[in-house]
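In what follows, chains are A, B, ... by sequence order, proteins preceding strands, each numbered from 1. Reckoned from all heavy atoms, side chains included, excluding hydrogens, waters and symmetry mates.
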Protein chains: 2
Amino acid sequence: MGRRSTAKEVAEAAGVSKWTVIRAFTPGASIAEASREKVMEAARRLNYSPNLLARSLATNLTRQVAAFVDDFANPHKLPFLATLTEILQSEGLVVTLININRHFDHVHALLNADQRQVDAVVLCGTAFRDETLQDKRLGPGTPPTFVLARDSQIDGVPAITCDVETAMAEICDYLAAKPYRRPGFMSGPRTLSTALGRQRLFSDFWRNRGVPAIPDIPAADYSIGAGAAAMRAYLAATPADQRLDLLMCENDVLAFGAMDVIRGEFHLRVPEDIAVAGFDNTTFAASPAYDLTSYEQPIEAMVRTVADMILDRAEKRTVYLKGRLVPRRSA
Amino acid sequence: MGRRSTAKEVAEAAGVSKWTVIRAFTPGASIAEASREKVMEAARRLNYSPNLLARSLATNLTRQVAAFVDDFANPHKLPFLATLTEILQSEGLVVTLININRHFDHVHALLNADQRQVDAVVLCGTAFRDETLQDKRLGPGTPPTFVLARDSQIDGVPAITCDVETAMAEICDYLAAKPYRRPGFMSGPRTLSTALGRQRLFSDFWRNRGVPAIPDIPAADYSIGAGAAAMRAYLAATPADQRLDLLMCENDVLAFGAMDVIRGEFHLRVPEDIAVAGFDNTTFAASPAYDLTSYEQPIEAMVRTVADMILDRAEKRTVYLKGRLVPRRSA
DNA sequence: TTGTATGCGTTATCAA
DNA sequence: TTGATAACGCATACAA
């Protein structure tokens, strides 16, 4: 029953050659108006539309972009995916969502993307070591690759990310104007944490202000549970008079976990006892339940930049875009 | 530089015909061990791997599945996407994420999926009217389509969803055992709300118990903001002594918005003044900030079922799977 | 076990 | 403007 009809079939129905059919479906092609109408009529009757697969094989362009994601626990991925798909779709590209996990790592996924001939690969804040992208199994022919929402030092792999220097300066200036004296930082997994560069900038800022030691509270991963566990361990191990009074978290999700424990388990107040700040300005940061001071990444600008690079409308190079501080009650 | 090498090139390098190369890469093919090794060696040298695009054109199988999503504001989509991608990838399939929006509607997306020859389409809880899927522009040849996480009455389009009858019975029994007397329901957009079937079952339950009127509090969409707005309007318009004391929300996100307003703006207590229950058991439902009684959908089972149907390992028919009540403090 | 011919549905290029 | 030939890289069927 429902087989797709082909240009050849339409050609027969319209009494022309199949190339004329193709032309009728090619925007700039030179074709007589009469022929075009005949073709379109037949096409409508046969319910014809071009087979994009065959087109891709012939043009060497799939108009498909692979987006790698390895952290589905973070609700912050959603706005990124929403924006990425929307903007790329508006350019006629489609996004294939690749779940990077134990069974399907970066090398695997890159190889697969190459085999499927995608036009580009976008690493959406995934955690990888630089060596990974230089694996020998990856030929020099792999698709153009971009790193979104984290830094990268690999050349040939542009990073499109939030300008974290400005961001942390803004955040720190804002916090330093308040009476907090013992700042601490909650970080995520080392690989990604380093690539984000937030911790170093935070620590440097306070060190320059004469704060001797800035405690690091390491979370196992970027999830509410991990943030909660890290905070629980810290509070349990630290005498009340030695605790920090300001906790900067690498992102909102960690901050949520920390706040849950601070308030729910240790019955301390935010911000009076411990102030908390996050990063990403997740939806829930705005909720009165958290009211979390956070920092909004310029998602749309970042995605537009990636799109421009993918479509060769912009030079492929690392770019830092400015975000926006969103002050709230938590700090 | 980095052009992919082809079977033909490997064949020349290995001194065999290109068909032998193909065989070496075809699992069940009959080929001499010696030839296979020669081929593999050459393939390694030339960094060859089969072009899946060309394969798809020849086999009529893309091993690509399109997933339609239209509600990126709901964090609940993330576990669905995570599970869908992970399970399908483990079967060698890849998921293309289609953002259904104003500029790219269901018909558009379906047409496009068809042109790209995807093996299947999964509507992930998207809001559509049944007629949409029967649009005349969609030939009879469109890919097998499945509806995930909502009901569907279209024949030929199986729905894989949570068994809402059992779910609502469980929820209502649980709530009825508590001293609530004036239940109300917060619903989302009509199309989807109806397809979810939650409101009707909830209302029926209480009507059968002699509750005369069950107020409907309609939210514009499934977002925290919409839930908050709906609750704000209701509380503002309803005298304190006539207010409901139990609010069942169509999903968690609405419940979060409602709770934010109940507590943050009207300074009422949950559950003492108004108890709240949700649906989906989102990550944040477990947080002490909300501690929301909710209902967990059997996501993994649902996705496995879809996968089995896509891979023709299970009969393509509507299936209802049982979820799990997660009682917490909010109700 | 291996090689050959043919087809998948387009696009690119050239000739008419 | 139109038709024809070749090519994209693989798979299928058949013959050797």
Side-chain angles (χ1 to χ4, degrees), chain A residues 2-40 42-43 46-64 92 112 114-119 139 141, chain B residues 2-40 42-43 46-64 92 112 114-119 139 141:
Chain A
R3 221 189 75 271
R4 290 175 56 81
S5 45
T6 71
K8 192 173 163 189
E9 292 165 355
V10 174
E12 284 162 11
V16 297
S17 76
K18 66 173 176 177
W19 297 279
T20 301
V21 174
I22 301 285
R23 285 188 187 99
F25 280 88
T26 307
S30 83
I31 180 178
E33 190 49 35
S35 312
R36 135 165 277 126
E37 271 168 25
K38 260 195 310 189
V39 169
M40 285 315 198
L46 296 185
N47 215 296
Y48 167 83
S49 66
N51 181 329
L52 298 185
L53 205 56
R55 170 178 296 175
S56 293
L57 185 61
T59 56
N60 230 341
L61 267 183
T62 54
R63 306 201 69 86
Q64 293 192 186
N112 183 268
D114 187 28
Q115 287 190 265
R116 294 202 334 275
Q117 304 275 79
V118 302
D119 294 344
Chain B
R3 220 191 74 271
R4 293 176 55 81
S5 46
T6 71
K8 191 171 164 191
E9 292 166 355
V10 174
E12 284 162 12
V16 298
S17 76
K18 66 172 177 177
W19 295 277
T20 301
V21 174
I22 302 284
R23 285 188 187 98
F25 281 87
T26 309
S30 84
I31 181 178
E33 190 51 34
S35 313
R36 137 166 275 125
E37 272 168 23
K38 260 194 311 188
V39 168
M40 286 314 198
L46 296 184
N47 215 298
Y48 168 81
S49 65
N51 180 327
L52 298 186
L53 204 56
R55 173 178 293 176
S56 292
L57 185 62
T59 58
N60 228 340
L61 267 180
T62 54
R63 306 200 70 84
Q64 293 191 185
N112 183 268
D114 187 29
Q115 286 191 268
R116 293 202 334 275
Q117 305 275 79
V118 302
D119 294 344

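Atoms NZ (A:Lys38) and C1' (D:dT2) sit 11 Å apart, rounded to a whole Å. Residue B:Arg55 contributes atom CZ, which lies 13 Å from atom C1' of D:dT12 at whole-angstrom precision. At whole-Å resolution of the value, CG in B:Leu53 and P in D:dC10 are 10 Å apart.
Side chain of B:Glu37 to main chain of B:Ala34: no donor-acceptor pair is present (N/O by atom type, distance under 3.5 Å, no hydrogens or angles).
Note on A:Ser30: a base of the nucleic acid sits closer than 4.0 angstrom, heavy atoms only.
Contact record, B:Val118 with B:Gln64: CB-O, 3.4 Å, taken as the closest heavy-atom pair. Counting all heavy atoms, side chain and backbone alike, B:Ala11 lies closest to B:Ser17 at CB-C, 3.5 Å. Closest of all the heavy-atom pairs between B:Val39 and B:Val10 is O-CG1, 3.9 Å. Smallest separation of non-hydrogen atoms from A:Ser5 and A:Tyr48: O-CD1, 3.1 Å.
Near-neighbour residues of DNA chain C inside residues 56-63 of chain B, defined by a heavy atom below 4.0 Å, number-ordered: B:Leu57, B:Ala58. For DNA chain C, the neighbouring residues in residues 11-26 of chain B, judged by any heavy atom under 4.0 Å, are B:Ser17, B:Trp19, B:Thr20, B:Arg23.
Between B:Ala32 and B:Ala54, the residue whose closest nucleotide on DNA chain C is further toward the 5' end is B:Ala32.
Here chain A contacts DNA chain C (any atom closer than 4.0 Å to a heavy atom, that is under 4.0 Å), and the contacts span C:dG9 to C:dA12 from 5' to 3'.
Separation of atoms CD (B:Glu9) and NZ (B:Lys18) is listed at 11.5 Å; rounding is to 0.5 Å.
By the side-chain contact (heavy atoms from CB on, under 4.5 Å) test, B:Arg23 pairs with B:Trp19, B:Thr20, B:Ala29, B:Ile31, sequence neighbours left out. Here A:Leu52 pairs with A:Arg55, B:Asn112, B:Gln115, B:Arg116 under the side-chain contact (heavy atoms from CB on, under 4.5 Å) rule; sequence neighbours left out. In this structure A:Leu53 satisfies the side-chain contact (heavy atoms from CB on, under 4.5 Å) test together with A:Asn51, B:Leu53, B:Ser56, B:Thr62, B:Gln117, sequence neighbours excluded.
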